[in-house]
Amino acid sequence: MNIGPVDIPNRFALAPLAGISCTAFRLLCKENGAGLIYTQMIDAELISGKTPHEVKAFLNICDRERPVTVQLIGAEKNILVKAVHAVEPYADFIDLNVGCIEEDYLAKGCGAALLKDPPQLASLLRAMVKATKKPVTAKIRIGWDNQHINGVTIAQIIEDAGAAAVCVHGRTADQGYAGKVNWTIMNQIKQKIHIPVIANGDVTSYDQGLELLTKTGCDLVMIGREAQHRPWVFSKDSVDIKQQILRFIDLYEQYEQRQEPVEVADHVYWMLRDFKTTEDTKKVHLITSIPRIRRYVNRLS
Ligand SMILES: Cc1cc2nc3c(=O)[nH]c(=O)nc-3n(C[C@H](O)[C@H](O)[C@H](O)COP(=O)(O)O)c2cc1C
């Protein structure tokens, strides 16, 4: 499977997850089989103001997690182009966020607001494509609300602008994360455009991922919230949850620049969701050092 010139080793992608996708988390998803890794969204204004050294440290991308898509959010052409230049040495793909529903971003015309302004979306993407030799992609929703489902048109605009792929979260902006994912629109998009399409929404297992690929005909399937709790969702094998959590802590200590116990505790708590224990696992948040979090996990039964 290829997107543009880049080989993707399988059909599973890790979704961009703001506040969750640290390097250790991305690496654990990769080790468990995610074929394409997205960073969380990165504010174009913020990143374009950094020095090359700061950008490298901020992204903290390891060669082992490649291919990696760096996702940008923005709506000002000049700033987005600057951001593209800033991240392109480290990115295998550069993605534009066309699905974010945070009020602050919508107010600035970013994220899902672009679904309501196709000419602006086309103009931004054309500028991004022109600014880099790296393939540019976009991640969209199927429309603004039920009365304005324009995912097919939006995907065609993205293709015409020169993008290498499009990812579709099968909900409207208005739905947020509620209600059902619309497979029909994902399928229509796949039929209408020629670049690869990534289907996204509500996949909670490897088999469901395969099912979504079959139902939509899409090229890749992307998993987000389930990976937050089970970075091993990309694997068809069963795993030892405790070993996975200990591996996460190792990766965090080895590769993360921040070394924040709070961040480790969050991930440990999320990954303990399906671990059978009588302990109140929320208490992991009270532990203030990473070695002690490791000891806590080791003792869990
Ligand atoms: C906590 C959280 C953070 C997210 N951050 C991003 C983001 O940075 N960029 C983006 O395009 N989508 C973001 N999303 C949306 C997911 O990438 C994905 O499209 C959505 O969760 C649906 O997929 P899922 O059902 O597999 O989670 C986020 C979702 C959640 C729950």
Side-chain angles (χ1 to χ4, degrees), residues 11-23 25-26 29 34 36-44 46-47 58-59 68-75 80 83 87 91 93-106 110-115 121 125 136-143 151 154 158 163 165-183 185-186 189 197-213 215-216 218 220-234 263 266-267 269-271 273:
R11 302 179 76 190
F12 283 80
L14 169 66
L17 292 168
I20 294 163
S21 303
C22 65
T23 303
F25 171 73
R26 300 195 310 256
C29 291
L36 176 60
I37 302 286
Y38 278 61
T39 66
Q40 65 179 51
M41 65 180 182
I42 293 163
D43 190 307
L46 179 129
I47 201 85
F58 183 86
L59 294 175
V68 173
T69 300
V70 174
Q71 190 189 60
L72 298 174
I73 184 159
L80 267 173
V87 302
F93 299 98
I94 302 171
D95 185 78
L96 180 66
N97 181 317
V98 190
C100 176
I101 51 172
E102 273 179 38
E103 283 301 331
D104 292 356
Y105 280 114
L106 291 177
C110 301
L114 291 168
L115 296 168
L121 173 62
L125 274 173
V136 171
T137 61
K139 179 166 175 283
I140 69 172
R141 286 175 178 253
I142 58 171
I154 291 287
I158 290 167
V166 60
C167 172
V168 191
H169 175 193
R171 289 191 172 85
T172 62
D174 185 53
Q175 271 182 288
Y177 293 91
K180 274 191 150 181
V181 161
N182 188 323
W183 290 333
I185 304 291
M186 294 196 243
I189 291 174
V197 180
I198 305 171
N200 167 238
D202 290 351
V203 171
T204 60
S205 70
Y206 181 89
D207 287 343
Q208 272 183 26
L210 296 183
E211 195 188 336
L212 188 61
L213 287 173
K215 285 215 164 86
T216 60
C218 286
L220 262 74
V221 59
M222 170 184 275
I223 306 180
R225 287 166 297 171
E226 188 65 16
Q228 173 185 2
H229 299 282
R230 295 197 303 127
W232 48 93
V233 66
F234 302 98
E263 190 175 20
D266 279 343
H267 278 279
Y269 176 67
W270 295 328
M271 287 188 278
R273 184 193 65 185

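Hydrogens, waters and symmetry mates are skipped; everything else that's a heavy atom, side chains included, is used. Start at 1 and go down the list; that is how both ligands and their atoms are numbered.
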*Considering only heavy atoms, which of Ala227, Cys100, Ala18, Pro16 lies nearest to atom 16 (C) of ligand 1?*
Pro16
*Which pair of non-hydrogen atoms, one from Cys29 and one from Ala227, has the smallest distance, and what is that distance?*
SG-CB, 4.4 Å
*Mind listing the closest non-hydrogen atom pair of Ile101 and Arg141 along with its distance?*
CD1-NH2, 3.7 Å
*Can you name the closest pair of heavy atoms from His229 and Trp270 and give their distance?*
ND1-O, 3.0 Å
*For Gly201, counting its heavy atoms only, list the atoms of ligand 1 lying under 4.0 Å from any of them.*
23 (O), 25 (O)
*asked:* Give me the nearest non-hydrogen protein atom to atom 12 (N) of ligand 1 as residue plus atom name, then the distance to 0.1 Å.
replied: Lys139 NZ, 3.0 Å
*How far is atom 26 (O) of ligand 1 from its nearest protein heavy atom, and which residue and atom is that?*
Gly224 N, 2.8 Å
*asked:* Within the 4.0 Å heavy-atom shell around Asp202, which atoms of ligand 1 are there?
replied: 24 (P), 25 (O), 26 (O)
_Contact atoms of ligand 1, heavy-atom distance to Ile20 under 4.0 Å_ = 1 (C)
*Between Gln175 and Lys180, what is the shortest heavy-atom contact and its length?*
NE2-O, 3.3 Å
*So is there a nitrogen or oxygen of Met222 less than 3.5 Å from a nitrogen or oxygen in ligand 1?*
no
*Could you tell me which atoms of ligand 1, counted from 1 in the order shown, lie closer than 4.0 angstrom to a heavy atom of Ala15?*
17 (O)
*Between Ile223 and ligand 1, does any nitrogen or oxygen pair lie at a separation below 3.5 Å?*
no
*From Ile140 atom CD1 to His169 atom NE2, the distance as rounded to the nearest 0.5 Å*: 11.5 Å
*Quick one: look at Leu17 and ligand 1, take heavy-atom pairs under 4.0 Å, and tell me if it's side chain, backbone, both or neither.*
both
*In Å and rounded to the nearest 0.5 Å, what is the CD1 to CG distance from Ile42 to Asn97?*
11.0 Å
_Minimum-distance pair of heavy atoms, taken over all atoms of Gly176 and Arg171_ = O-CD, 3.4 Å
*Against heavy atoms of Arg225, which atoms of ligand 1 measure under 4.0 Å?*
21 (O), 24 (P), 25 (O), 26 (O), 27 (O), 31 (C)
*Specify the closest pair of heavy atoms between Cys167 and Tyr38, including all atoms of both residues, with the distance to one decimal.*
CB-OH, 4.1 Å
_As an exercise, state the distance from CD of Glu211 to CH2 of Trp183, rounded to the nearest 0.5 Å._
5.5 Å
*Where does the angle between the aromatic ring planes of Tyr206 and Phe12 fall among parallel (under 30°), tilted (30 to 60°) and perpendicular (over 60°)?*
parallel
*Which residue supplies the protein heavy atom nearest to atom 11 (O) of ligand 1, what is that atom called, and how far is it?*
Gln71 NE2, 2.9 Å
_Under 4.0 Å, heavy-atom basis, I'd like to know which part of Asn200 is in contact with ligand 1: side chain, backbone, both or neither._
side chain
*Could you check atom 29 (C) of ligand 1 against the protein and tell me its nearest heavy-atom contact, residue, atom and distance included?*
Tyr177 OH, 3.1 Å
*Please indicate whether any nitrogen or oxygen in Gln40 is less than 3.5 Å from any nitrogen or oxygen in ligand 1.*
no
